[in-house]
Amino acid sequence: MPELPEVETALRGLRPHLVGTRVLALVVRERRLRYPIPLAAEAAVAGHRIRDVRRRAKYLLFELEQGTLLLHLGMSGSLRLVSARIPPTRHDHLDLVLDSGLCLRLRDPRRFGALLWTDAPAEAHPLLRDLGCEPLTAGFDGRYLYRLATGRRIAVKPYIMDSRIVVGVGNIYASEALHLAGIHPSRAAGRISERRYQRLAGAIRQVLRDAIQQGGTSLRDFVQEDGEPGYFRQSLRVYGRQGQPCRGCGGVLRGQRIGQRSSVYCPRCQR
DNA sequence: CCGGACGCCTGTCGGC
DNA sequence: TGCCGACAGGCGTCCG
């Protein structure tokens, strides 16, 4: 379930429970995630305090007294804070055991997630180095999107899903933002005006903010059981609604594959 | 450099 | 009911 809003929600929920606690151990039960968890990770983190937890793109960064853990949830990863006594179940691949009696447990059935450790500044890590703008910070606006799109023939949907351009916009939010902005998902990125990119940038921010807000209400307690999101289901405009009526004009929403990802849009409202 | 395809995994769902 | 293919919220890599 992890898109930027969920990672952000996870961050906000977890942070107060993590910052200042000491890592007693990293327990790895399944090392084969997207990248094998480095053998050095366990030894590197044990005994160190968590100074801070931050988010960059969809990565959670656990800054320890020594080095940083980079955690990515992939397609199916989820985090829970549980008592260290609770036995792990299937797909609970690792625990970060804390001196508070809790442990941070990663479950990831598809194993597209990742846990890496670096001693260097996290931003310099190869996986973070080339990332584009954070959509919710200054610097991300229509002009930025417009400039980087110059001459590009890629469809706008995969363009805004490209993390070298802007991070955190996954398949759902790309679809939603394009509908909100009235832009056809397969329109060439380089053939959109700066003015329309302003609308798009605003739509991306709005959609992400709304989702964070709603995610916040359904995922508020990470010490509890799971907290399945299920959040925006109700407020989705197009995603997963192929064949159903557009909430704007009442017309039938159309589905199409763009760049190997399913896309839904309104042929009337989106041009 | 760019755009598009591929593959990594497991779980679920719809159709037959 | 059971089987099978399609598909799933990501993303790095490879190829032309």
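Each chain gets a letter, A, B and so on, in the order the sequences are listed, and its residues count up from 1.
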- Note on the structure: Residues passing the salt bridge (charged side-chain N to carboxylate O under 4.0 Å, His left out) test with A:Arg147, sequence neighbours excluded, are none

- Task: Respond yes when some side-chain nitrogen or oxygen of A:Tyr239 is under 4.0 Å from OP1 or OP2 of C:dG9, and no when none is.
- Result: yes

- Task: Tell me which nucleotide among C:dG12, C:dG9, B:dC2 gets nearest to the side chain of A:Arg152.
- Result: B:dC2

- Note on the structure: Residues A:Leu33 and A:Gly113: closest non-hydrogen pair is CB-O, 3.2 Å

- Task: Please measure how far the P atom in C:dG12 lies from the corresponding atom in B:dG11, and state the result in whole Å.
- Result: 24 Å

- N/O (side chain, A:Arg34) to phosphate O (OP1/OP2, B:dG7) under 4.0 Å: no

- Message: Nearest 0.5 Å, please: how far is CG in A:Asp92 from OG in A:Ser78?
- Response: 8.0 Å

- Contacts to DNA chain C from residues 108-128 of chain A, heavy-atom cutoff under 4.0 Å, which residues? A:Arg110, A:Phe112, A:Leu127

- Note on the structure: A:His91 atom NE2 is separated from B:dC8 atom C1', nearest whole Å, by 15 Å

- Message: Looking at A:Ser76, I'd like to know whether one of its side-chain N or O atoms comes within less than 4.0 Å of OP1 or OP2 on C:dG9.
- Response: no

- Task: Indicate, with yes or no, if the rings of A:Tyr265 and A:His184 have centres closer together than 6.0 Å.
- Result: yes

- Just how far, in rounded Å, is P of C:dA8 from CZ of A:Arg241? 17 Å

- Item | Integer-rounded Å distance: B:dC8 P and A:Glu30 CD | 16 Å

- Would you name the heavy atoms of A:Ala122 and A:Arg54 that are closest together and state the gap between them? CB-NH2, 4.4 Å

- Note on the structure: Per the under-4.0 Å heavy-atom filter, residues of residues 158-171 of chain A near DNA chain B come out as none

- Query: Is the distance from OP1 or OP2 of C:dG12 to the nearest side-chain N or O of A:His72 less than 4.0 Å?
  - Reply: no

- Proximity to the side chain of A:Arg153 - top-ranked nucleotide from C:dG12, C:dG9, B:dG3: B:dG3

- A:Arg34: side-chain hydrogen bond (donor to acceptor under 3.5 Å, both in side chains) partners, not counting sequence neighbours: none

- Message: For a side chain to side chain contact (heavy atoms under 4.5 Å, CB included) check, start with the C-alpha distance between A:Leu131 and A:Arg56, then their side-chain angles and the critical distance, and finish with the verdict.
- Response: CA-CA 9 Å; A:Leu131 292 175; A:Arg56 172 69 172 119; 3.4 Å; yes

- Query: C:dC14 P sits how many Å from A:Gln260 CD, rounded?
  - Reply: 17 Å

- Message: Around atom CZ of A:Phe140, are there more than 12 heavy atoms from other residues, nucleotides or ligands closer than 6.0 Å?
- Response: yes

- Message: Without decimals, in angstroms, what is the distance between A:Lys157 NZ and B:dG4 P?
- Response: 13 Å

- Message: Taking only side-chain N and O atoms of A:Arg261, does any of them lie within less than 4.0 angstrom of OP1 or OP2 on C:dA8?
- Response: no

- Message: To the closest 0.5 Å, what do you measure between CG (A:Leu64) and CH2 (A:Trp117)?
- Response: 8.5 Å

- Task: Using the C1' atom as the reference point in each nucleotide, state the distance between B:dG3 and C:dG9 in Å, no decimals.
- Result: 23 Å

- A:Lys58 side chain, from C-beta outward: closest of C:dG9, B:dA5, C:dC11: C:dC11

- Message: Give the dot-bracket line for DNA chain B from 5' end to 3' end: parentheses for intra-strand Watson-Crick or G-U pairs under 3.5 Å, square brackets for crossings, | for inter-strand pairing, dots for unpaired.
- Response: .|||||||.|||||||

- Task: Check step by step if side chain to side chain contact (heavy atoms under 4.5 Å, CB included) holds for A:Val156 and A:Leu200.
- Result: CA-CA 10 Å; A:Val156 63; A:Leu200 182 54; 4.0 Å; yes

- Query: Is there any ring pair (Phe, Tyr, Trp, His ring centres under 6.0 Å) pair reaching into residues 52-75 of chain A, and which pairs are they, with sequence neighbours excluded?
  - Reply: A:Tyr59-A:His72

- Query: A:His91 and A:Arg107: side-chain donor and acceptor closer than 3.5 Å?
  - Reply: no

- Is there a side-chain contact between A:Leu73 and A:Asp108 (heavy atoms, below 4.5 Å)? no

- Query: Over how many whole Å does the gap from A:Gln256 atom CD to B:dG4 atom P extend?
  - Reply: 12 Å

- Note on the structure: A:Leu33 CG to C:dG10 P, in whole Å, measures 17 Å

- Message: If I take atom CD in residue A:Glu3 and atom C1' in nucleotide C:dA8, what distance separates them, rounded to the nearest angstrom?
- Response: 12 Å

